[in-house]
J.: 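One structure is given below, represented as structure tokens, and several questions about it will come after.
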Amino acid sequence: MENYRSKEIENKWQVKWKETGLFNVCSKEVKDKYYCLMMFPYPSAALHVGHGRNYILGDVVARYKMMRGFNVLSPMGWDAFGLPAENAAIKNGIHPAESTRNNISKMKEQMDSWGVEYDWKREVTSCMPDYYKWTQWIFLKLFEKGLAYKKKAFVNWCPSCSTVLANEQVVDGGCERCDSEVEQKELEQWFFRITDYAEKLLSDMDQLDEWPEKVKTMQQNWIGRSSGVDINFPIDGSEKNLTCFTTRVDTIFGCTYMVLSVEHPMIEELVQNVPERDKIMEFVRKVRGESKITRMKTGEEKKGIFTGRYVVNSINGRKIPLWIGDYVLMEYGTGAVMAVPAHDQRDFEFAKKYSLPIEVVIDDPAGHLDAEKMTESYEKEGVLVNSDKFDGTKNLSAMESITDYMEKNKIGTRAIHYRLRDWLISRQRYWGAPIPIICCKKCGNVPVPEKDLPVILPEVVNFRPEGESPLKNVDSFVNVKCPSCGDDATREIDTMDTFVDSSWYFLRYISPDKDDGPFDKDDVNKWLPVDQYIGGVEHAILHLLYSRFITKVMYDMGQIGFNEPFKRLFTQGMIVKDGAKMSKSKGNVVSPDALIDKFGADTVRLYTLFIGPPEKDAEWSDRGVEGAYRFIKRIWNLIGMLGSAPEVVTDKKTQDELLIKLHQTIKKVTEDIDGQFHFNTAISAVMELVNQIYSGIEKNGKCLIEKKCLEEVLDTISLLLAPFVPHLAEEMNEMSGHKGSIFRRQWPVYDEKMLETDTVTVPIQINGKVRSTMEMPRGLEKGSIQELVCSDPRIKERLDGKKVKKWIILPDKLVNIVL
RNA sequence: GCGGAUGUGGCGGAAUUGGCAGACGCGCUGGCCUUAGGAGCCAGUGGUUUUACCGUGGGGGUUCGAAUCCCUUCAUCCGCACCA
């Protein structure tokens, strides 16, 4: 028997899998289909073992499902547009297309070296015209439905990336990519009307019962639905109204002033004849110019200014002052809030600072509230006071009656507002899919006709960003005729957010070569939704929300027959080193290449899976890898023992026990994989089995187990480990005389009858503490058990002269004697 | 502030329908084999004042019995954050 040579074995099988097309599936064969999908990566130069975890997990699932008889689709592609390639290009002069191509081939090599296989015939690359043609097509479809629109708005601007960002891409007021402080800029930009789908995105989450709660909660919070009332406040000395949204209509009688956001569109009109006008506009301009970080600093004192105008609180006819404040958000609600200082802490602080009136309208049941003496707002429940005919009602029940009253008297209407805002998809950068719009002076924004797609991204030489898209300077790109009137026109020069590219790629895998449509409808309807989606939790909001949105739009347009793209979602944890995320700058990156070279891909895979529950973060340990290597060699040496025919002295008991263990292991491994991907415990179960084999082989080479039995056990082990260590399993499979791939064999099934021994070892407790264990026949009745236990000398001794209060007997499980 | 998660040996982690805490692996100790071992095999390995007691972040409770259930508290991590 030769030593274990990982390289030879692994190269051999990696080639074979490709030659035989193990992972290739035909879209038309949908019987027992299983769509296993990993989030497609951005092509970066070198992968580390943390990235590997994602691909290995998916590969395990795909291979396991194959052995369960499923027709498994496991594709891979590249989220290939985006900033890093472009930034690198600016730095080193290599065109993004070229560096992307290079990175893709490097990554493919790495995936191959891990033994991670895909149906490469379906590879999609989002920066290729045959792909982005259909990204542009999706844009056009949204435009047709009025779901893509251009508007001037205050948007998040990253000065370092020199582009706008979606709200989802702003983290703690900074750019998610480069951390620079995000500025507010008023620009005309393209948006997707995702807010139209807020309700569906929220309510359809009840279909997602196989998604992690955490991800669903994050999406719920992001969508942020709240229901309340839009209240109209007539402006004093004007015909117009201002509308406020509130979730606390019960406090309306305590509203003593109103505050507008500095971005509120009516400000200029309101203050035009006010003497303090210049001062007010100065304040507005100043706050508008502040960055999100400055404005969002909680704990920072709120700033405001009186407009000199008043509005009327229609419920009691009272005139209240109208203010402008830096803490009111234009994007949420109506950009105007009614202030109830007695019952809202923010309003309370603002009122104190600017000496605005405070009026109590909910009294504390624990003691009368006095507005003069309050040091903070009262936000708990209570009974309404100073609220006219609603006095004496509990505040919560008053909400309904006040709302009814308002609707009846046309003061306000029930309303639902969302935190979610429309998805800003334009980017002022080069390396993305051009937005397929032509701007005509006469016709406005004209969509590029479908037959003219794709709008090819030109090979620009200078893509250094200068505040506008680099495409601006490419005359041949910009100058076109209007498709509508034929006059001279210009192309939209912005490109699309890369999250648009990734919001539909899972559809393209089904028909990657189709050139007369984005996908084959019938096939897509048969293969989707995705049965298992695997990726990092960092996409909990962005990518997963956008993909759900695009899926719903396609569904409503009749393009597809399902309204949720991913049936089951698994978010894997990060692998950290020295307690920190692996990164070049920290110098704690663990490269798989050297490890695979030394120990082999199977070892790296096994260790990666053994490191801990895959949904949790884990600390990488090079020592641990050696342990995995040792285990593989232990198995390899067992195969050697079969060949070298050790002297066999069959011991029936040892052999029976081994077979029982074998079937218990099949059960455990199957359940661990099927359920929550507990690969770590599945592997430890096989380790236990292997240990038991070793203990059945005597040191001097004599074996207590028959060769035939050993062969059977080893064959089953190769099947059980096949998803984890596919190369070794294939080799074992071939050595034992099987023809063809092990992945075309059936997953082992356990025999229910083989799971149980005839006798059981039962712990005997006295007052809940284990004092002895006894072996007894399985299924013994309580009476006999008690008798048997009393005969145990160790127990007898302890019970001597004492009175037993109670016997707790769980047959086959446990005995507890209470004294 | 709100929401969510986690807390178990020297380390990664098992055990979650309440029922032998520490499976499995790493590390460590000892032994065998060896010219040698950073190879392999075997044995041991939670702590202590070891007939026994104590032990799952801390404190209380329910129970014959709690890592697991309840209350309370602390710590760490993640998400959202002036959302009206």
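In what follows, chains are A, B, ... by sequence order, proteins preceding strands, each numbered from 1.
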J.: Does any nucleotide pair with C2(B) by Watson-Crick or G-U wobble geometry, both distances under 3.5 Å, and what is it?
T.: G79(B)

J.: With both distances under 3.5 angstrom, what nucleotide forms a Watson-Crick or G-U wobble pair with G37(B)?
T.: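 Answer to the pairing question: none, since G37(B) forms no Watson-Crick or G-U pair.
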
J.: Quote, to the nearest angstrom, the P distance that separates U45(B) from A21(B).
T.: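 Approximately 16 Å lies between the P atom of U45(B) and that of A21(B).
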
J.: How many whole angstroms separate atom CZ of Arg225(A) from atom C1' of C2(B)?
T.: 19 Å

J.: When you measure from the side chain of Tyr694(A), which nucleotide among C42(B), G65(B), A81(B) comes out closest?
T.: C42(B)

J.: So which one's nearest nucleotide on RNA chain B is more toward 5', Met218(A) or Asp344(A)?
T.: Met218(A)

J.: Mind checking ring-ring contact (aromatic ring centres under 6.0 Å, His included) for Trp222(A) and listing every partner two or more places apart, or none if nothing turns up?
T.: none

J.: List the residues meeting ring-ring contact (aromatic ring centres under 6.0 Å, His included) with Tyr327(A), not counting sequence neighbours, and say none if there are none.
T.: Phe350(A)

J.: Apply side-chain hydrogen bond (donor to acceptor under 3.5 Å, both in side chains) to Trp211(A) and list each qualifying residue two or more places apart in sequence or on a separate chain.
T.: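 Trp211(A) satisfies side-chain hydrogen bond (donor to acceptor under 3.5 Å, both in side chains) with no residue once adjacent residues are dropped.
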
J.: Determine the minimum heavy-atom distance between Phe233(A) and Met338(A), stating which atoms define it.
T.: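 Taking every non-hydrogen atom into account, CZ-CB, 4.0 Å.
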
J.: Once you apply the 3.5 Å cut-off to both distances, tell me the Watson-Crick or G-U wobble partner of A84(B), or none.
T.: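 Pair assignment: A84(B) / none.
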
J.: Below 4.0 angstrom, which residues in residues 765-774 of chain A have at least one non-hydrogen atom near RNA chain B?
T.: Gln765(A), Lys769(A), Val770(A), Arg771(A)

J.: When rounded to the nearest Å, what value does the distance between C1' atoms of U51(B) and G60(B) take?
T.: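 Those two atoms are separated by 33 Å.
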
J.: Quote, to the nearest angstrom, the P distance that separates G57(B) from A67(B).
T.: 10 Å

J.: Taking the same atom, C1', in G9(B) and in G4(B), what whole-Å distance lies between them?
T.: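 Going atom to atom, C1' in each nucleotide, I get 29 Å.
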
J.: Which base, if any, makes a Watson-Crick or G-U wobble pair with U29(B), both distances under 3.5 Å?
T.: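 Paired with A43(B).
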
J.: Quick one: classify the glycosidic conformation of G18(B) as syn or anti, with syn meaning within 90° of 0.
T.: anti

J.: Partners of Lys782(A) by side-chain contact (heavy atoms from CB on, under 4.5 Å), sequence neighbours excluded?
T.: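 Expected list: Ile809(A), Pro811(A).
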
J.: Which salt bridge (Lys or Arg N to Asp or Glu O under 4.0 Å) pairs, counting each pair once, include a residue from residues 681-697 of chain A, with sequence neighbours left out?
T.: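 Every pair satisfying salt bridge (Lys or Arg N to Asp or Glu O under 4.0 Å) with a residue in residues 681-697 of chain A: Lys661(A)-Glu688(A).
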
J.: For Lys598(A) and Ile808(A), find the nucleotide of RNA chain B closest to each by heavy atoms; which residue's nucleotide sits nearer the 5' end?
T.: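 By nearest-heavy-atom nucleotide position, the 5'-most residue is Lys598(A).
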
J.: For nucleotides 6-16 of chain B, give me one character per nucleotide, 5' to 3': B if any protein heavy atom sits under 4.0 Å from the base, S if the only such contacts are to the sugar-phosphate, - if neither.
T.: ------BSS--

J.: In whole Å, what is the span from the CD atom of Glu349(A) to the C1' atom of G1(B)?
T.: 12 Å

J.: Distance check, P atoms only: G59(B) and A66(B), in whole angstrom units.
T.: 15 Å

J.: Between C69(B) and C20(B), how far apart are the two P atoms, rounded to whole Å?
T.: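 Going atom to atom, P in each nucleotide, I get 16 Å.
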
J.: Which nucleotide, if any, forms a Watson-Crick or G-U wobble pair with U50(B), using both distances under 3.5 Å?
T.: none

J.: Taking donor-acceptor contacts at under 3.5 Å, does the side chain of Lys302(A) reach the base of C82(B)?
T.: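 For Lys302(A), whose side chain was compared with the base of C82(B), there is a donor-acceptor pair (under 3.5 Å).
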
J.: Which salt bridge (Lys or Arg N to Asp or Glu O under 4.0 Å) pairs, counting each pair once, include a residue from residues 208-231 of chain A, with sequence neighbours left out?
T.: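 As it turns out, the salt bridge (Lys or Arg N to Asp or Glu O under 4.0 Å) pairs with a partner in residues 208-231 of chain A, which skip direct neighbours, are Glu199(A)-Arg225(A), Glu210(A)-Arg568(A), Glu213(A)-Lys216(A).
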
J.: Would a distance-only check, ignoring hydrogens and angles, find a side-chain to backbone donor-acceptor pair under 3.5 Å from Gln765(A) to Leu814(A)?
T.: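 Not confirmed, Gln765(A) side chain does not pair with Leu814(A) backbone.
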
J.: Just compare C26(B), C64(B), C83(B) and give me whichever is closest to any side-chain atom of Leu329(A).
T.: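 Minimum distance to the Leu329(A) side chain belongs to C83(B).
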
J.: Using atom P of each nucleotide, how far apart are U48(B) and A39(B) to the nearest Å?
T.: 29 Å

J.: Report the residues that fulfil side-chain contact (heavy atoms from CB on, under 4.5 Å) with Asn221(A), sequence neighbours left out, ordered by chain and then residue number.
T.: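 For Asn221(A), the residues satisfying side-chain contact (heavy atoms from CB on, under 4.5 Å) (neighbours in sequence not counted) are Thr217(A).
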
J.: Please check if the number of heavy atoms outside Gln676(A) that lie under 6.0 Å from its CD is greater than 12.
T.: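 Open.
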
J.: Among G3(B), C82(B), C64(B), which is the nearest nucleotide to the side chain of Asn816(A)?
T.: C64(B)

J.: Strictly below 4.0 Å, heavy-atom distances to any atom of RNA chain B: list the hits from residues 333-343 of chain A, or just say none.
T.: Val337(A)

J.: Taking only residues two or more places apart in sequence, or in another chain, which ones meet Ser772(A) in a side-chain hydrogen bond (donor to acceptor under 3.5 Å, both in side chains)?
T.: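 Asp792(A).
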
J.: Side-chain N or O of Asn691(A) versus OP1/OP2 of G25(B): is the shortest distance under 4.0 Å?
T.: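 Result: yes.
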
J.: Between A84(B), C64(B), C42(B), which one does the side chain of Arg634(A) approach most closely?
T.: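 Output: C42(B).
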
J.: Using the ring of each side chain (for Trp, its six-membered ring), is Phe245(A) parallel, tilted or perpendicular to Tyr332(A), with breaks at 30° and 60°?
T.: perpendicular

J.: Hey, does the side chain of Arg630(A) come within less than 4.0 Å of C26(B)'s phosphate (OP1/OP2), counting only N and O?
T.: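 Yes, such a contact exists.
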
J.: Could you report the tightest heavy-atom contact between Met774(A) and Val789(A), atom names first, then the distance?
T.: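 Scanning both residues completely, I find the closest heavy atoms to be SD-CA, 3.7 Å.
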
J.: Establish, with yes or no, whether the OP1 or OP2 oxygen of C64(B) is under 4.0 angstrom from a side-chain nitrogen or oxygen of Lys805(A).
T.: no

J.: Sequence neighbours excluded, which residues qualify as side-chain contact (heavy atoms from CB on, under 4.5 Å) partners of Ile660(A)?
T.: Gln664(A), Thr757(A)

J.: What interatomic distance, in whole Å, is found between C1' of U76(B) and the corresponding atom of G65(B)?
T.: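 The answer is 32 Å between these two C1' atoms.
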
